[in-house]
Number of protein chains: 2
Amino acid sequence: MRAASIKDVATHAGVAVGTVSNVLNYPDRVAEKTRQRVLNSINELGFIRNDVARQLRAGHSRTIGLIVLDIGNPFFTSISRAAEDAASESGNAVVLGNSGHDANRERHYIDLFEEQRVQGVLISPVSDITERLSALTARGTKVVLVDSPSSEGDFSSVSVDDVHGGYTATKHLLDIGRRKIAFVAGPQHFHQVSDRLAGARNAVAEFPDATLEILQGNDLTVLAGREVGDTLVMRQQGELPDGLFCANDLLALGMIQSLTMLHTLRIPEDVALVGYDDIDFAASAVVPLTSISQPTAMIGRTAIELLAEQLDNPDAKPRSVVFKPELVVRASTTEAQSHQR
Amino acid sequence: MRAASIKDVATHAGVAVGTVSNVLNYPDRVAEKTRQRVLNSINELGFIRNDVARQLRAGHSRTIGLIVLDIGNPFFTSISRAAEDAASESGNAVVLGNSGHDANRERHYIDLFEEQRVQGVLISPVSDITERLSALTARGTKVVLVDSPSSEGDFSSVSVDDVHGGYTATKHLLDIGRRKIAFVAGPQHFHQVSDRLAGARNAVAEFPDATLEILQGNDLTVLAGREVGDTLVMRQQGELPDGLFCANDLLALGMIQSLTMLHTLRIPEDVALVGYDDIDFAASAVVPLTSISQPTAMIGRTAIELLAEQLDNPDAKPRSVVFKPELVVRASTTEAQSHQR
DNA sequence: TCTAATTCTTGAAACGATTCATTAGTACGA
DNA sequence: TCGTACTAATGAATCGTTTCAAGAATTAGA
């Protein structure tokens with residue numbers, strides 16, 4: 001009941017193991033007649049090549065590890081889907097690990113991937129693990145940072161200019177006349193949060209009569225957004241911001257939920273709202289959400305390409321690609337509520 | 001620059017390779033002094049165990065393959081997260097493959113996983129691939145069907161009683177007095193769709209004055225839901241259904257989007273709405289969605305357990321677990337719009 | 001001090017593929 | 001018929017572990 005090996009096939013076909021291997025890898029080195037005989041044996045025995053043995057001999061696998069911060073966030077789902085597609089074009093598979101913003105799980109996955117001798121690791125880091133990643137690189141496993149700029153240029157990286165995105169989002173609110181801006185934050189040690197806030201600050205600084213308030217959420221989830229929103233709706237009318245910029249779309253969806261609950265506040269008339277990431281659910285929210293679109297498909301694909309670069313030319317300098325995010329205007333910031341899509 | 005092997009460690013520590021292996025796998029077979037010496041060498045050389053070689057020797061990997069229908073659907077994300085957690089408790093890793101309802105990609109992943117000699121495959125099948133899966137089993141790779149009942153009892157399976165779920169959803173609409181029911185379908189060759197419809201039929205049959213209409217969507221996505229919704233809002237007032245049951249939440253969210261767009265229809269007063277899956281975004285929709293909750297975490301975890309069962313006892317009969325889904329009532333079907341959560 | 005029992009350590013074999021230097025076989029021209 | 005040139009096929013070595021029978025070293029008991 002043991003799975004058939006190349007040796008079994010060789011015996012069955014009456015040839016040497018090397019010949020079977022050639023049939024699989026260099027078919028035209030083998031005479032037509034022999035090849036047919038071997039192929040028949042392969043079918044008859046139900047032989048499936050053992051990739052583990054192949055990898056051992058080759059010294060590396062056909063696998064790429066991807067470690068994301070939150071698989072429940074459509075932003076990362078979308079990236080991983082793109083990475084998977086791009087990788088499979090070159091015959092590689094992507095193994096997905098979900099750190100869930102937990103440094104221990106992150107470490108666990110790095111260890112696992114290194115033991116599995118993956119070709120490379122794409123990672124959206126939770127914590128500062130430059131050291132661990134350098135060790136990885138030193139031993140030959142390539143690393144590409146995803147959605148995180150390379151601090152010292154040690155690694156290749158794909159990222160999106162979050163400061164610029166934060167600026168764009170906030171500038172848009174200011175441009176439509178809002179002056180009492182609030183930033184709905186997530187935990188500020190997430191660089192995504194602090195960078196977007198920095199951008200918001202830059203934009204507000206350009207308008208002397210504008211103010212920026214920070215509403216602290218304790219996570220980047222819908223629930224956290226609702227919690228922040230609930231505190232907001234309790235305020236006096238005059239103390240409300242008229243422009244809200246949320247650190248991501250999940251927060252923004254939670255905000256919408258809270259703000260529309262009592263039907264006392266109108267979006268965007270009373271409060272205009274901008275999210276970040278432009279996830280699919282943002283476009284299909286009941287008040288379609290203006291958001292900052294990140295090219296997730298490009299991010300995933302580029303990560304794979306940067307990795308391929310490193311693999312093809314081991315001495316290549318790491319390269320960083322930074323995308324510019326784009327504003328997508330929808331009903332949550334447009335007074336004339338057009339219903340077009 | 002080649003990664004250090006166990007042999008390098010042995011040389012460096014002045015012991016035999018077998019001893020290094022023992023330090024890693026059976027530490028108490030090795031004298032304290034020797035063990036320390038070996039551990040030092042391991043650290044100094046930055047040795048990382050090569051899991052590929054280990055697997056080759058062991059004959060199997062520590063990896064489990066999971067093939068889902070749509071990684072963009074939070075239903076599957078949630079299952080895979082649970083499976084991953086459960087697997088990691090026993091030191092196994094889950095490799096995720098996304099078939100995207102495409103039979104070719106499905107086949108591709110099965111091949112890949114078999115070549116990688118994964119311990120087992122958890123799969124939510126697109127097409128009827130019983131034959132291919134039987135071949136897998138015959139060669140020693142265990143199979144567990146996920147969200148799909150085992151047709152002939154050939155494989156272990158975890159599923160949820162979709163007929164019952166469809167019944168429950170529809171019965172709820174009938175119980176709150178709705179009689180003109182419509183089922184918003186996805187492609188009917190998805191068994192999830194046809195089963196839920198069957199349940200809906202059963203419920204409607206219990207009420208002589210009730211009717212059931214089928215609105216055909218061409219996918220199980222938010223966009224498809226909007227398309228169906230758009231055709232619906234064009235209808236005359238009298239021809240509208242007063243109770244809608246959507247084949248899944250994504251469709252339902254699209255429906256809400258369309259129905260509320262023109263502010264001519266009220267949910268639930270004019271049309272009550274029930275979805276299916278109870279994804280996170282259902283609870284946080286602006287009209288919180290009544291839905292049929294599936295125990296996704298349990299599904300993922302149980303799939304891993306069923307697999308473990310097969311692995312521990314290769315002769316164990318396949319076992320099928322069927323969960324009952326549960327109705328979760330929210331504002332989309334409750335006239336007295338309570339704002340509690 | 002000697003023997004027996006116990007604990008440590010050794011190193012070759014095995015896992016299943018690929019590689020590559022050799023050998024075997026074939027075809028052709030002289 | 002022989003030699004040359006080429007194509008096919010062979011099978012041992014290799015990748016980095018784990019396993020395990022056997023040998024070496026240590027300890028305990030008398």
Students should find this one: the first and last nucleotides of DNA chain C, 5' to 3', lying under 4.0 Å from a heavy atom of chain B. What are they? C/dC8 to C/dG16
Would you confirm whether A/N98, through its side chain, and A/I71, through its main-chain N or O, come within 3.5 Å as a donor-acceptor pair? yes
Under a 4.0 Å heavy-atom cutoff, the residues of residues 30-38 of chain B touching DNA chain C are B/V30, B/A31, B/T34
In the structure I gave you, are the side-chain heavy atoms of B/R117 and A/I48 within less than 4.5 Å of one another anywhere? yes
Show the nearest heavy-atom pair for residues A/L307 and A/G120, with the distance to one decimal. CD1-CA, 3.8 Å
Using a 4.0 Å heavy-atom cut-off across all strands, classify A/S21 as base, sugar-phosphate, or nothing. base
Answer whether the closest heavy-atom distance between the side chains of A/L69 and A/Q192 falls below 4.5 Å. yes
Need the bend value for the helix from C/dT1-D/dA30 to C/dA30-D/dT1: angle between end axes, 5 pairs each end, nearest 10°. 50°
Test B/S320 against every option in B/S157, B/S156, B/S150 by the side chain to side chain donor-acceptor pair (under 3.5 Å) rule and name the one that passes. B/S157
Check the distance between D/dT18's C1' and B/N22's CG and give it to me in whole angstrom. 9 Å
Do A/I64 and A/V118 come close enough that some side-chain heavy atom pair is under 4.5 Å? no
Carboxylate-amine/guanidinium contact A/D111 A/R132, below 4.0 Å: yes
Using side-chain heavy atoms (C-beta onward) and a distance below 4.5 Å, is B/V30 in contact with B/V38? no
Enter the distance from A/N22:CG to A/R35:CZ here, rounded to the nearest 0.5 Å. 12.0 Å
Does some side-chain heavy atom of B/I6 sit less than 4.5 Å from a side-chain heavy atom of B/S21? yes
Could you identify which residues of residues 11-20 of chain A place a heavy atom less than 4.0 Å from some atom of DNA chain D, listed by residue number, or say none? A/V15, A/A16, A/G18, A/T19
Look at A/R319 together with A/E305 and state whether they make a salt bridge at an N to O cut-off of under 4.0 Å. no
In whole angstrom, what separates A/R139's CZ from D/dG16's P? 15 Å
State, yes or no, whether a side-chain contact exists between A/Q116 and A/S61 at a heavy-atom distance under 4.5 Å. no
Measure the CG-CG distance between B/L45 and B/N40 for me, rounded to the nearest 0.5 Å. 10.5 Å
Mapping A/A4 and A/R29 to their closest nucleotides on DNA chain C, which lands nearer the 5' end? A/A4
Review item, nucleotides 21-28 of chain D N/O atoms under 3.5 Å of protein N/O:
none

Atom NE2 in A/H108, atom CG in A/N104: separation rounded to 0.5 Å? 10.5 Å
Charged N-O contact under 4.0 Å between B/D312 and B/K142: no
Is the shortest heavy-atom distance from the side chain of B/T141 to the side chain of B/F113 under 4.5 Å? no
Taking DNA chain C as the partner, which of residues 44-59 of chain B come within under 4.0 angstrom of it by heavy atom? B/L56, B/R57
Shortest non-hydrogen contact from A/E106 to A/I67? O-CD1, 4.3 Å
Establish, with yes or no, whether the OP1 or OP2 oxygen of D/dT18 is under 4.0 angstrom from a side-chain nitrogen or oxygen of B/Y26. no
Does A/L133 reach the side chain of A/L145, with side-chain heavy atoms less than 4.5 Å apart? yes
